[in-house]
Amino acid sequence: MKTAVSLQNLPSRIPNRRSRVRKPRRSRRSSVQLDRVVARLPSIVGGGSVLTDRAELVCYSYDASCYSRLPDVVVFPNSSEEISKIVRLANRERVPVTPRGAGTSLSGGPVPARGGIVVVLARMNRILDLDEDNLTVTCEVGLTLRDLNRSLARKLLHFPIDPGSSEAATLGGMIGENASGMHSPRFGKTKDRVLSLEVVLPNGDIIHVGSKCFKSASGYNLKELFIGSEGTLGIVTKATLRLSPLPDNYTVISASFKTTVAAGRAISRVVKRGLPVSALEFMDRPSIEVVKAFTGLPLPQAAAMVLIECTGPEGEVQNHLADAAEILREEGAFELRISSDRGEADRLWHARKVTYGAISRIRPTAIQADPVVPVSKLPDYLARLDLIAQKYALKIVSYGHAADGNLHPTVLIDEGNPEEMRYARMALAEIYQSALELGGTLTGEHGVGVEKSDYFNLEWPSNVVSVMREIKAVLDPNNIMNPRKWI
Amino acid sequence: MSQQLHRFEEALRNCNRCGLCHGVSPLISVQGLESSTARGKIRLARSLIQGEIEATNTLVDRIYQCLMCGSCSNVCPAGIKVEEVICSARMRLASAGKVPQPVKSLVSNIVSRGNIYGVAVERSEPSQERLVYFPGCVSSLKYRQLADATISCLSGMGLRVSSLDGVCCGAPALAAGFKEVYEQASERLRSMLEGFDVVTGCPQCYYFLKRERISVQHIAQLYAEIMESRVLPPTGGLRDMITYADPCYLARFSSITDEPRAVISSIAGLRLVEMASNRTNAKCCGNGLELVQTSYPELAGEVASSRLGEALELGVKKVVTSCPHCYLTFKNTRRERGLPIVIKDLSQLIMEAYRWEPPAKRNRRI
Ligand SMILES: Cc1cc2nc3c(=O)[nH]c(=O)nc-3n(C[C@H](O)[C@H](O)[C@H](O)COP(=O)(O)OP(=O)(O)OC[C@H]3O[C@@H](n4cnc5c(N)ncnc54)[C@H](O)[C@@H]3O)c2cc1C
Ligand code: SF4
Ligand code: SF4
């Protein structure tokens, strides 16, 4: 049996031939520097908050992707001030620092690619201020989305960004990846819901960016620079978030199709019609089958399934669903099922949420991609995915947030089989290349991390990459924050 | 490769680290570590068998701290039976002698005396009764009042039983990674109990006796059956609001959740309120087949107090369970932390409701 893909064995980067850009300095460190850092950490956070036992370190070497690398030390700070001291020390000694929430990233984001310190924010999980008048909450970002929403539910409120990992993911990780979820057509992405942030910069300074107000045009939008920066620019410690009242009624319509392409056509027409759907999801046959096996739900026997949710006043919901149903039928939907019972609708969403976990029943290793294409190109893209699967004789399962054109084609292999692994890499390159050819982007919500580093230069010309590198170099001149990722 | 080893390795590979088990881990809220979770423990087991890490004390602790509660398997979309993975990992550690000392003592007690406490129990002539009551270690040797209450209820309901005291079903040995000890214990039990109908108050004994194809019922099933089919004298009535703590091996592993509730609901005056986590999603009590309770009592206490916290949030003063292990850990925690809550076993509750007396000190044994 083989371990998860180790970073040392990663294929070399796709060369960027277009220009030479200034890179942030590569941090060089000796074991003496590392030892000094490890020795000092207990005085900052207390001895019980520092882990160096190899058995514990192994548990912070991975995320939900298939990359892993051992950290040298793991710390659990309790405050922004402690984080500031940790980062200042690490910066002085040139030791890499990787922030970590729950480690559910699918791109290798929290994997400490160059070892060093993993800073786990789990203990910084307090709700600091709930402002019911303005529907905002300020909290420490080690808080999990689930715990935040459990306590907001008492006030009939919620933070409505709902990634499939909502049982575990932390707010810090969601901000790090600019996560979104099944209800992004209605509620947007994490960045649309974050009003302000407290960030510890790589030099140890603590800054506040953004504003508690609902709009601000004051200066550069530094808040959004940090959202989705995958821990490469600083450590987010607190956030003020915009909340929504819990929806009181929702209706879900599920439609079955004989081909994925027909489902894609239906999706793009529903979006074109401008119907105010609150969620629009896509699942292909293998994902339907595994989820059916796990949940026991009576899902259809179909090549593809489209789930559409509408929320709002009864009459309006019925009208929108009737419009959607008409389009779905015209595009060949052969079974339409309407679930207005909340329990039934929740079971359907739960089924969709567990898809990633369930697909390892098909093959043990899942490498999940996260491309986005313009919605009108979805039918085209789905057809290309079929061809890629055939070309490499690989199982590629697709499902995702169809309203955004964001699919998760997942290559299923056995990582113990080097031949399959090689083909999987080639297939993934084509999956990304095809999305870019259709005017798409590499990642909608999982971030670049390690997983897409090799393809980064395919999307961005060197003059854009160089701007990103300049920004990184200004904030993190010693390249200590989550190094050896895409930047 | 043996089938068990194959399944072990397959399970280790099938965990795709989705993290769904984080949300239900009873240990992460107490320890706050990735190694508290099923995902972490599976990774440790995998790293151990691949030789990436050694069986350090920390690793042994993390593997032996698993409560085998099945909460993670219950939600794992990859279908991994985490308890089986942990059991296989413990077998590895046990064969290398890497076992916490209290676990070793407990297993050697089973070997030498046939029960986890190492108490010598005198056995009498084979029973004349067809129905045998199997109390398990805790009810026969630690909290005798549980066995007494059960016998009293059974006789109040007009059943004649004999009791097989001080015998372990072997489950703690299997959970500890000592498969042969378990096999010997269950072999002995199969021959002792052949031809009898067995009833037990312990969900773990129930689950493992059933696994060995012994004809067995959990006491909650038997009570529910009798209360439905016979006319019992009217209860004295208990004016009380209570909650019921589902034991892992009864609810999650055996899907027995309605019967204890039916029994409770049949008692006049009692109001049953449900905790936030209940039935197959119920939180674990922290006992961990006695292994965690004996080796890591602090941890067991933390988990139990988080479970009892759910009850206290409801404003109830009484928690009923139908497992002697839950009873033991809850009792310890209540005492040590001064929690304002009363712990009752289902049989004690019934005995109280019907005002039945505990039996005189004379139980026929086989
Ligand atoms: C089953 C499953 C379903 C998923 N579904 C979705 C989905 O629907 N939508 C979606 O968007 N994602 C999804 N994801 C991906 C992942 O869960 C999200 O990206 C999530 O937001 C990560 O949160 P985390 O706490 O686990 O962060 P981690 O994985 O620990 O970290 C993620 C990144 O953020 C950085 N980071 C963490 N904390 C901080 C901080 N305080 N400051 C700065 N940087 C930080 C890390 O360095 C890393 O680069 C899914 C993952 C799984 C396993
Ligand atoms: S839920 Fe199952 S597959 Fe997911 S991390 Fe936990 S054990 Fe692994
Ligand atoms: S069985 Fe219980 S204690 Fe063990 S890993 Fe699963 S959830 Fe955690």
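Order of the sequence lines sets the chain letters (A, B, ...), proteins ahead of strands, with each chain counted from 1. None of the values given here were measured: they were computed from a predicted structure. Side chains are part of it too, since the values below use all heavy atoms of this structure and drop only hydrogens, waters and symmetry mates.
Put simply, of A:Pro364, A:Ser360, A:Ala366, the one with the most heavy-atom pairs under 4.5 Å next to chain B is A:Ser360. Most heavy-atom pairs under 4.5 Å with chain A: of the set B:Ser25, B:Gly19, B:Ala78, this distinction falls to B:Ala78. No other option in A:Thr144, A:Val120, A:Val290, A:Asp414 has as many heavy-atom pairs under 4.5 Å with chain B as A:Asp414. Chosen from B:Leu59, B:Thr56, B:Thr58, the residue pairing most often with chain A at heavy-atom distances under 4.5 Å is B:Thr58. Highest contact tally toward chain A, considering only B:Ser35, B:Pro77, B:Cys15, is held by B:Pro77 [criterion: heavy-atom pairs under 4.5 Å]. Each of A:Leu70, A:Val354, A:Asp53 has some count of heavy-atom pairs under 4.5 Å with chain B, and the biggest count is that of A:Asp53.
Heavy atoms of A:Asp63 lying under 4.5 Å from chain B belong exclusively to its backbone. Heavy atoms of B:Cys76 lying under 4.5 Å from chain A belong exclusively to its backbone. With a 4.5 Å cut-off on non-hydrogen atoms, A:Leu57 does not touch chain B at all. In this structure, chain B has no heavy atom under 4.5 Å from any part of A:Thr355. Heavy-atom distances place the side chain of A:Arg100, and not its backbone, under 4.5 Å from chain B.
By the neighbour-count criterion of 12 heavy atoms within 6.0 Å, atom CD of B:Glu298 is sparsely surrounded, having that number or fewer from other residues, nucleotides or ligands. Within a 6.0 Å sphere centred on NZ of B:Lys210, other residues, nucleotides and ligands contribute 12 heavy atoms or fewer. Counting non-hydrogen atoms of neighbouring residues, nucleotides and ligands closer than 6.0 angstrom, the CZ atom of B:Arg271 reaches no more than 12 such neighbours. Within 6.0 Å of the NZ atom in A:Lys395, the count of heavy atoms belonging to other residues, nucleotides or ligands does not exceed 12.
Nearest heavy atom pair, residue A:Gly357 against residue B:Cys18, reads CA-CB, 4.0 Å. Closest of all the heavy-atom pairs between B:Glu34 and A:Tyr62 is OE2-OH, 2.7 Å. Smallest separation of non-hydrogen atoms from A:Phe294 and B:Val75: CZ-O, 3.4 Å. Taking all atoms of both residues into account, the shortest heavy-atom contact from B:Arg39 to A:Gly103 is NH1-O, 2.9 Å. Taking every heavy atom of both residues into account, B:Arg17 and A:Ala64 meet most closely at O-CB, 3.2 Å.
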Could you check B:Glu54 against A:Arg54 for salt bridge (charged side-chain N to carboxylate O under 4.0 Å, His left out), going step by step and ending with a plain yes or no? CA-CA 9 Å; B:Glu54 307 209 330; A:Arg54 211 174 147 83; over 6 Å; no

Stepwise, does the side-chain contact (heavy atoms from CB on, under 4.5 Å) test hold for B:Leu20 with A:Lys353? CA-CA 10 Å; B:Leu20 267 174; A:Lys353 272 191 173 183; over 6 Å; no

Test salt bridge (charged side-chain N to carboxylate O under 4.0 Å, His left out) applied to B:Glu313 and A:Arg154, step by step: CA-CA 14 Å; B:Glu313 264 175 35; A:Arg154 290 184 207 128; 5.8 Å; no

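Interatomic distance, B:Asn14 CG to A:Thr365 OG1, rounded to the nearest 0.5 Å: 8.5 Å. Rounding to the nearest 0.5 angstrom, the gap separating the CG atom in B:Asn16 from the OG atom in A:Ser65 is 11.0 Å.
In this structure the side chain of B:Arg62 never reaches within 4.5 angstrom of the side chain of A:Cys59, judged on heavy atoms.
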